[in-house]
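One structure is given here, and the rest of the page talks about it.
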Amino acid sequence: MSRKLKNSELDRKTISEFKASEKTPLIVVLDNIRSLNNIGSVFRTADAFLIEKIYLCGITATPPHKDIQKTALGATETVDWEHREDTLKLVEDLKLENVNIISIEQAEHAILLNNFTPEPNQKYAVIFGNEVKGVQQDVVTKSDTIIEIPQYGSKHSLNISVSAGVVIWDIFNKL
């Protein structure tokens with residue numbers, strides 16, 4: 001029989017250990033996310049997989065906020081983040097830094113996530129869009145790649161925090 005581990009047995013990093021750790025070459029961009037709980041959940045996932053940075057764009061709220069903190073569980077203190085007003089301008093800036101831009105969206109010519117293979121020594125930015133409208137069309141147009149999460153049911157719609165968890169884990173695992 002297996003015994004559940006106690007929190008004290010999980011070998012958690014301190015904030016300074018997290019900051020000093022080598023990061024996954026992955027940036028998360030939240031494009032006009034409305035839900036504070038979704039934002040907090042993405043922070044927590046980013047912490048779990050040592051994500052380099054989160055950009056909070058447009059109307060996406062920023063820490064500190066009690067509803068972000070409720071789901072982030074302190075990850076806003078570990079994961080680097082920055083607010084940017086304009087997602088498209090951020091995409092242009094990241095491209096100048098040789099970051100490969102990936103929109104997570106259902107779109108023509110999208111690659112299914114399971115068929116995506118990240119290149120070694122390449123930094124990526126994955127963009128997750130608004131809960132209703134998705135990633136802005138002009139941002140999708142400027143992306144290097146569009147990835148779609150395969151879905152087989154009747155809804156073909158995942159919560160943004162679930163989408164982020166699936167995509168971040170998949171790319172982390174492949175890297």
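Between Thr71 atom OG1 and Leu36 atom CG the span is 8.5 Å, to the nearest 0.5 Å. One finds the CD1 atom of Ile102 at 11.0 Å from the CD1 atom of Ile27 (value rounded to the nearest 0.5 Å). In this structure, Asn130 CG and Ile33 CD1 are separated by 6.0 Å, a value rounded to the nearest 0.5 Å. Here Ile51 contributes atom CD1 and Leu26 contributes atom CG; the two are 4.0 Å apart, rounded to the nearest 0.5 Å. Summarising the geometry, atom NE2 belonging to His83 is positioned 7.0 Å from atom SG belonging to Cys57; distances are rounded to the nearest 0.5 Å. In this structure, CG in Asn100 is found 5.0 Å from OH in Tyr124, a value given to the nearest 0.5 Å.
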- Checking side chain to side chain contact (heavy atoms under 4.5 Å, CB included) for the pair Glu92/Leu96: CA distance, chi angles, key distance, verdict? CA-CA 6 Å; Glu92 292 166 352; Leu96 291 174; 6.0 Å; no
- Task: Assess whether side chain to side chain contact (heavy atoms under 4.5 Å, CB included) is satisfied between Leu50 and Glu22, documenting all intermediate values.
- Result: CA-CA 8 Å; Leu50 291 169; Glu22 184 177 347; over 6 Å; no
- Query: Going through the distances and angles, do Lys19 and Asp80 end up as a side chain to side chain contact (heavy atoms under 4.5 Å, CB included)?
  - Reply: CA-CA 8 Å; Lys19 296 280 189 191; Asp80 285 342; 2.9 Å; yes
- Begin with the C-alpha distance, continue with both residues' side-chain angles, and end with the deciding distance and a verdict on side chain to side chain contact (heavy atoms under 4.5 Å, CB included) for Arg34 and Val132. CA-CA 9 Å; Arg34 295 179 311 169; Val132 174; 3.6 Å; yes
- Item | Stepwise side-chain hydrogen bond (donor to acceptor under 3.5 Å, both in side chains) check, Gln137 with Thr141 | CA-CA 6 Å; Gln137 180 61 58; Thr141 300; 3.1 Å; yes
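Within 6.0 Å of atom NZ in Lys133, 12 or fewer heavy atoms from other residues, nucleotides or ligands are found, so the atom counts as exposed in its surroundings. A 6.0 Å sphere centred on CD of Glu17 holds more than 12 heavy atoms belonging to other residues, nucleotides or ligands.
In this structure Glu82 satisfies the side chain to side chain donor-acceptor pair (under 3.5 Å) test together with Lys53, Arg84, sequence neighbours excluded.
Criterion: ILVMFWY side-chain heavy atoms under 4.5 Å apart, direct or through other members. Under it, Ile160 and Ile147 are part of a common hydrophobic cluster. In terms of hydrophobic clustering, with Ile, Leu, Val, Met, Phe, Trp and Tyr side chains grouped at heavy-atom distances under 4.5 Å, Ile146 and Ile111 are assigned to different clusters. Val162 and Leu30 fall within a single hydrophobic cluster, where Ile, Leu, Val, Met, Phe, Trp and Tyr side chains are chained together by heavy-atom contacts under 4.5 Å. Following chains of ILVMFWY side-chain contacts shorter than 4.5 Å, one cannot reach Ile149 starting from Val29, and the two form parts of different hydrophobic clusters. Both Ile127 and Leu94 are members of a single hydrophobic cluster when ILVMFWY side chains are connected at heavy-atom separations under 4.5 Å.
The minimum heavy-atom distance between Gly58 and Asn32, with the atom names listed, is CA-OD1, 3.2 Å. Residues Ile68 and Pro63 share a closest heavy-atom pair of CD1-N, 3.9 Å. The two residues Leu158 and Ser163 make their nearest non-hydrogen contact at CB-OG, 3.4 Å. Minimum heavy-atom separation, Asn38 to Glu131: ND2-OE2, 3.1 Å. Across Ala46 and Ile54, no two heavy atoms sit closer than the pair CB-CD1, 3.7 Å. Considering all non-hydrogen atoms of both residues, His156 and Gln106 come closest at O-NE2, 3.0 Å.
In this structure a side-chain-to-backbone donor-acceptor pair under 3.5 Å is present from Asp144 to Ile101. Checking side-chain atoms of Glu148 against main-chain N and O of Ala110 turns up no donor-acceptor pair under 3.5 Å. Judged by distance alone, with hydrogens and angles left aside, the side-chain atoms of Asp31 form a donor-acceptor pair with the main-chain N or O of Gln136 at under 3.5 Å. Proximity of a side-chain donor or acceptor of Lys142 to a complementary backbone N or O of Lys95 within less than 3.5 Å is not detected. Side-chain N or O atoms of Glu77 include none that pairs as donor or acceptor with a backbone N or O of Gly74 at under 3.5 Å. Looking at Gln69, its side chain never comes within 3.5 Å of a backbone N or O of Gly40 through a donor-acceptor pair.
The existence of a salt bridge linking Asp47 and Arg44 is excluded, since no basic side-chain nitrogen approaches an acidic carboxylate oxygen closer than 4.0 Å. A salt bridge links Lys123 with Glu52: the closest approach of a Lys/Arg side-chain nitrogen to an acidic carboxylate oxygen falls below 4.0 angstrom.
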In residues 166-175, what donor-acceptor pairs under 3.5 Å come from side-chain atoms, sequence neighbours left out?
unit_1	atom_1	unit_2	atom_2	d
Asp170	OD2	Lys174	NZ	2.8
Lys174	NZ	Leu113	O	2.7
Lys174	NZ	Phe116	O	2.6

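Side chains of Lys23 and Ser21 form a contact here, defined as non-hydrogen atoms less than 4.5 Å apart.
Among Ile104, Thr60, Val135, the one residue that satisfies the side chain to side chain contact (heavy atoms under 4.5 Å, CB included) test with Phe128 is Ile104.
Defined by atom type and a distance below 3.5 Å, a donor-acceptor pair is present between the side-chain atoms of Asn159 and Ser161.
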